[in-house]
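Numbered from 1 within each chain, the chains take letters A, B, ... in sequence-line order.
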There are 2 protein chains.
Amino acid sequence: MTTVEHGAALDATFQALADPARRCMLAQLARGPAAVGKLARPLAMTLPAVMQHLAVLESAGLVRSQKIGRVRVCHIESRRLSLAARWIDQRRLEWERRLDRLGEYLQTPKRPRGDPHGDGN
Amino acid sequence: MTTVEHGAALDATFQALADPARRCMLAQLARGPAAVGKLARPLAMTLPAVMQHLAVLESAGLVRSQKIGRVRVCHIESRRLSLAARWIDQRRLEWERRLDRLGEYLQTPKRPRGDPHGDGN
DNA sequence: GATATAGTTAAGCACATGCTTAACTATTTA
DNA sequence: TAAATAGTTAAGCATGTGCTTAACTATATC
């Protein structure tokens, strides 16, 4: 159930993370709040393009911003990052626990068939 | 440097994770290897569509598969999952450590200016 | 008040993505 | 060997994405 409701949020979050320019912006913001122009500097693209990336990050809930004077200051919103990381790790752990159990099973010395084993697979 | 070289891999990985059908396939595969047809069952789309999603997952390195008889069996490749989760958590932790330091600083009772403080921020 | 600065909006374009249908190829199974 | 099963390939289409240029709006700063 954890996974189901967050579907749309995860769509938007992973989609936002899939672009190198947006990851670059997030990496900068991880080091502290920054203005749009500052985010744009390392990016080899025009300001409007950066604005569009920012809009994607904001509507995914990864970033928030507020305008102060003529400057828009942006900062990371870390909850969505947690959500995404957790989704990945849950799948990974589920898979790796399976591998571990399988490894144990294969290492177990031969055993008479029909012996109790504790798992109904 | 960690972040830079993996750029293309992260593009492909997050792009792959951004689609609910592909996440559904991964969630199934986390519970164990499965055939294409089995992955397709809960998905409300045709088999060719599922094949295309599988191709995306494989070329992102998230899944591998081998054909046994007329059945293609797929399984998760967890290294790329780790890579993606780690990228997210590094940003998140960097940001949250910043917040913690800021919180401490604001809670610190007034102190004469120019006093040593131990941090070069 | 003129000019520079920082951001914003709108339009348009090239290419990528997600799906479909139709036709086809290999393996089982009866 | 005929028929069912599991997957594959190719083509086409609607929509989404990432970028650009051009024109415009607010704040500073001189």
For A/Q52 and for A/R72, find the nucleotide of DNA chain C with the closest heavy atom, then tell me which residue's nucleotide is more 5'.
A/R72

Check this for me: does any side-chain nitrogen of one of A/R79 and A/E77 sit under 4.0 Å from a carboxylate oxygen of the other?
yes

Connected-component partners of B/V73 among ILVMFWY, side-chain separation under 4.5 Å:
B/I68, B/V71

State which of D/dT8, C/dG7, D/dG18 makes the closest approach to the side chain of B/V36.
D/dT8

Is a donor from one side chain sitting under 3.5 angstrom from an acceptor on the other, for A/R92 and B/S78?
no

Can you check the A/F14 CZ to D/dT17 P distance for me, whole Å?
16 Å

Which heavy-atom pair separates B/L29 from B/A34 by the least distance, and what is that distance?
CD2-N, 3.7 Å

Here the distance between atom C1' of D/dG16 and atom CG of A/D11, to the nearest Å, is 14 Å

Protein-nucleotide distance (A/H53, atom NE2; C/dT8, atom P), rounded to Å:
15 Å

Any donor-acceptor pair under 3.5 Å linking the side chain of A/Q28 with the backbone of A/L39?
yes

Quickly work out the A/D19 CG to D/dT17 P distance and round it to whole Å.
11 Å

Could you label the plane-to-plane angle of the B/F14 and B/W87 rings as parallel, tilted or perpendicular, counting under 30° as parallel and over 60° as perpendicular?
perpendicular

From the set C/dA6, D/dC19, C/dT28, return the single nucleotide nearest to any side-chain atom of B/R70.
C/dT28

Could you check which residues of residues 59-69 of chain A get a heavy atom under 4.0 Å from DNA chain C? Sort them by number, please.
A/K67

Applying the side chain to side chain contact (heavy atoms under 4.5 Å, CB included) criterion to B/R22, which one of B/V63, B/L57, B/L43 satisfies it?
B/L57

Phosphate OP1/OP2 of C/dT17: any B/Q15 side-chain N/O under 4.0 Å
yes

Classify B/A21 by what it touches in the nucleic acid, base, sugar-phosphate, or nothing, heavy-atom distance under 4.0 Å.
nothing

Using atom CE of B/M51 as one end and atom P of C/dT21 as the other, report the distance to the nearest whole Å.
17 Å

Looking at A/R23 and A/L17, would you say the former's side chain and the latter's main chain have a donor-acceptor pair under 3.5 Å?
yes

For B/L54 and D/dA6, what is the distance between atoms CG and C1' respectively, to the nearest whole Å?
13 Å

Looking only at atom types and distance, does a side-chain atom of B/R80 sit under 3.5 Å from a main-chain N or O of B/A60, one as donor and one as acceptor?
yes

Nucleic acid contacts of residues 39-48 of chain B, taken as heavy-atom distances under 4.0 Å to DNA chain C
B/M45, B/T46, B/P48

